[in-house]
Amino acid sequence: MAGHSDALSLVYARSLLELAQQAGGEEKILEVNDELETIVELGREDASFREFLGSPIINTTERGEALRKIFNDRITDLTLRFLMVLNQKERLGHLEGVARSYDQLVQEKFGKIEVDVFTPSPMAPDQRTALGDRIRTALGKEPVVHSYTDPSMLGGIKLRIGDQLIDGSVSSRLRRMRQDLLQQGSSSIRERVTRFLEEE
């Protein structure tokens with residue numbers, strides 16, 4: 001089901017990207033991206049708005065009129081028309097997925113990649129620059145770095161690139177060391193038992 005939802009979101013996102021390209025090129029594409037993120041963020045912060053978007057109980061005509069009142073003159077005509085299409089197709093509940101897919105398409109189009117960075121304390125500007133350089137070299141894309149502080153981390157760094165998490169935190173390293181010790185320890189014990197049995 002999640003795969004179907006993701007595929008559906010991608011179809012809508014691609015259509016919107018093409019429309020934005022035709023309507024004004026890179027500037028319009030980025031403007032629509034910002035607007036989608038703002039609307040999705042509003043849904044994250046306001047549960048009643050999120051419910052309003054996804055509720056099957058609300059009549060699509062009434063919801064469409066409400067959307068016009070809420071967003072008229074606040075977002076571009078293209079983004080508003082896109083919301084209306086999603087509403088008519090009863091797909092507004094997929095808006096967050098569509099926005100995420102659209103953002104990924106935008107990053108790919110302009111050779112950029114979103115990278116979430118988690119550290120135990122705020123990164124210094126020179127550390128952030130150095131990290132950006134290393135990611136750029138490794139991936140061949142311009143990283144858009146978002147820094148987050150996670151005080152629960154003992155040290156090290158975690159990166160989220162797309163749907164992949166690269167965990168270089170101290171706690172992760174300690175877990176791996178423990179697993180290695182346990183595995184090596186048990187294999188060492190097995191070897192000793194095998195040798196003992198062979199000698200008998």
Side-chain angles (χ1 to χ4, degrees), residues 1-110 112-119 122 143-153 158-167:
M1 192 70 177
H4 173 70
S5 172
D6 291 345
L8 190 70
S9 296
L10 192 55
V11 168
Y12 279 107
R14 281 199 178 116
S15 298
L16 180 58
L17 187 70
E18 286 173 21
L19 291 170
Q21 177 72 54
Q22 293 163 10
E26 182 176 342
E27 190 177 325
K28 181 61 72 176
I29 289 170
L30 295 174
E31 185 178 23
V32 169
N33 199 25
D34 288 343
E35 290 177 343
L36 285 178
E37 182 53 40
T38 301
I39 296 165
V40 167
E41 194 57 40
L42 182 62
R44 286 190 196 117
E45 292 172 0
D46 188 336
S48 60
F49 179 67
R50 187 170 63 248
E51 191 175 321
F52 160 76
L53 290 178
S55 175
I57 298 167
I58 300 173
N59 178 286
T60 53
T61 305
E62 291 173 5
R63 183 166 31 222
E65 288 170 6
L67 286 169
R68 283 194 189 281
K69 286 178 186 173
I70 295 168
F71 292 113
N72 200 27
D73 295 329
R74 290 192 174 92
I75 58 176
T76 58
D77 182 58
L78 175 59
T79 304
L80 182 56
R81 282 188 289 121
F82 183 70
L83 290 179
M84 292 300 176
V85 169
L86 289 181
N87 180 49
Q88 283 301 119
K89 304 272 188 187
E90 297 184 352
R91 302 291 191 199
L92 272 172
H94 295 275
L95 183 61
E96 187 167 353
V98 173
R100 189 167 46 247
S101 294
Y102 184 86
D103 184 61
Q104 287 172 351
L105 291 172
V106 170
Q107 302 308 328
E108 287 169 18
K109 184 173 180 63
F110 299 120
K112 296 181 181 180
I113 189 162
E114 299 272 341
V115 181
D116 293 333
V117 181
F118 301 88
T119 52
V144 179
V145 178
H146 305 284
S147 299
Y148 301 96
T149 304
D150 182 354
S152 69
M153 291 171 62
K158 286 192 282 193
L159 303 177
R160 184 183 293 125
I161 302 172
D163 59 357
Q164 292 201 337
L165 181 68
I166 301 161
D167 192 345

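Everything numeric in this text was worked out from a predicted model, so none of it was measured.
Taken from CG in Asp34 to CD in Glu41, the straight-line distance is 12.5 Å, to the nearest 0.5 Å. Separating the CE atom in Met84 from the OG1 atom in Thr60 is a distance of 10.5 Å, to the nearest 0.5 Å. Note that CD1 of Ile166 and CD1 of Ile161 are 4.0 Å apart. Values are rounded to the nearest 0.5 Å. Between the CD1 atom in Ile29 and the CZ atom in Phe110 there is a gap of 4.5 Å [rounded to 0.5 Å]. From Arg81, atom CZ reaches atom CG of Leu16 across 10.0 Å, with rounding to the nearest 0.5 Å. Here CD of Glu62 is found 10.5 Å from CG of Asn87. Values are rounded to the nearest 0.5 Å.
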Point to revise | Audit row: Glu37, Asn33, side-chain hydrogen bond (donor to acceptor under 3.5 Å, both in side chains) steps and yes/no | key: CA-CA 6 Å; Glu37 182 53 40; Asn33 199 25; over 6 Å; no
Check your understanding: Would Thr79 and Ile39 count as a side-chain contact (heavy atoms from CB on, under 4.5 Å) if you check the C-alpha gap in whole Å, the side-chain angles of each, and the deciding distance to 0.1 Å?
Key -> CA-CA 10 Å; Thr79 304; Ile39 296 165; 4.1 Å; yes
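A salt bridge links Glu96 with Arg44; the closest basic N to acidic carboxylate O contact falls under 4.0 Å. A salt bridge does not link Arg68 with Glu65: none of the charged nitrogens is closer than 4.0 Å to a carboxylate oxygen.
Classified by interplanar angle (parallel below 30°, tilted 30° to 60°, perpendicular above 60°), the ring pair Phe49/Phe71 is perpendicular.
The backbone N or O of Thr76 lies less than 3.5 Å from a partner atom in the side chain of Glu35, making a donor-acceptor pair. Although no hydrogens or angles enter the test, the distance criterion places a donor-acceptor pair under 3.5 Å between the side chain of Arg50 and the main chain of Gly43. No donor-acceptor distance shorter than 3.5 angstrom exists from the side chain of Arg160 to the backbone of Phe118, with no hydrogens or angles considered.
With a 4.5 Å cut-off on side-chain heavy atoms, Val32 and Tyr102 count as touching. Taking 4.5 Å as the limit, every side-chain heavy atom of Leu36 sits out of range of all side-chain heavy atoms of Asp103. In this structure, the side chains of Leu10 and Leu105 come closer than 4.5 Å at one or more pairs of heavy atoms. Side chains of Glu31 and Lys28 form a contact here, defined as non-hydrogen atoms less than 4.5 Å apart.
Residues Ser101 and Asp6 come closest through the heavy atom pair OG-O, 4.4 Å. A pairwise comparison of heavy atoms in Ile58 and Arg63 identifies O-NH2, 3.6 Å as the closest pair. Of all heavy-atom pairs between Arg74 and Lys69, the closest is NH1-O, 3.8 Å. Here the closest heavy-atom approach between residue Leu92 and residue Leu53 is recorded as CB-O, 3.2 Å.
Note on residues 12-26: pairs passing side chain to side chain donor-acceptor pair (under 3.5 Å), not counting sequence neighbours, are Gln21-Lys109.
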